[in-house]
Chemist: 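Structure incoming, see below.
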Amino acid sequence: MQYNESEFLIETVIPQDELIISRTDLNGFITYANETFCEISGYSQEELIGKAHNILRHPDMPSSVYADLWQSIKNKKQWSGVVKNLRKDKGHYWIKAMISGVYKNGELVEYKSLRTPISFDEKLVHQKLYDKMRQENGEKQRKITYK
Ligand SMILES: Cc1cc2nc3c(=O)[nH]c(=O)nc-3n(C[C@H](O)[C@H](O)[C@H](O)COP(=O)(O)O)c2cc1C
């Protein structure tokens, strides 16, 4: 039987009733992180504020997902998608993210993201989809080594 190596990596499962919230400036630098975000990502608030949001980027994520995200939000559209994020301890967690603009007097001043848990089936579907997308785009393939 063949196993997908990712099945052996440590996943943090997000409780159903939790909402992970963050805000960034217009360049994607974190300006706010709620307590749940800190707990799930393994970072403290001090470690997150002021950092680029790609601090969480997991190597399994194809870059085209983020290109699509930025194109949408720069055009003032809401973006929604499934994201695998990297924890500080190199574990991971899966979420569905909804990202959109924060407006003050009609002017776009920040971006906000609300994230909710997804089902096991959705995680499997997206792991396979993102593996395929990275392969098709010639992006680095996942390589996991055990010491
Ligand atoms: C409000 C907001 C939330 C974001 N949340 C995440 C996130 O949870 N994980 C992530 O990898 N990128 C997130 N991004 C996208 C990052 O800014 C970045 O584009 C992505 O990590 C890819 O990194 P790169 O652009 O340096 O390749 C978010 C962006 C915004 C504006």
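Start at 1 and go down the list; that is how both ligands and their atoms are numbered. This structure is a prediction, so every number in the text was calculated from the model and none was measured.
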Chemist: Using distance alone, with no hydrogens and no angle criterion, decide if Gln135 and Asp131 have a side-chain donor and acceptor under 3.5 Å apart.
Modeler: no
Chemist: Does anything in residues 99-130 form a ring pair (Phe, Tyr, Trp, His ring centres under 6.0 Å)? List the pairs, not counting sequence neighbours.
Modeler: Trp70-Tyr111, His126-Tyr130
Chemist: Could you list the residues that satisfy side-chain contact (heavy atoms from CB on, under 4.5 Å) with Lys112, not counting sequence neighbours?
Modeler: Arg23, Ser100, Val102
Chemist: Can you tell me which residues line ligand 1 if we count any heavy atom under 4.0 angstrom from one of its atoms, in chain and number order?
Modeler: Thr24, His53, Asn54, Leu56, Arg57, Tyr66, Leu69, Trp70, Ile73, Asn85, Ile99, Tyr111, Lys112, Ser113, Arg115
Chemist: Verify the distance criterion only: is there a donor paired with an acceptor across the side chains of Arg115 and Ser22 at less than 3.5 Å?
Modeler: yes
Chemist: Do the side chain of Gln45 and the main chain of Ala33 share a donor and acceptor less than 3.5 angstrom apart?
Modeler: yes
Chemist: In residues 75-82, what donor-acceptor pairs under 3.5 Å come from side-chain atoms, sequence neighbours left out?
Modeler:
from, atom 1, to, atom 2, distance (Å)
Asn75, ND2, Gln71, O, 2.8
Trp79, NE1, Asp68, OD2, 2.9

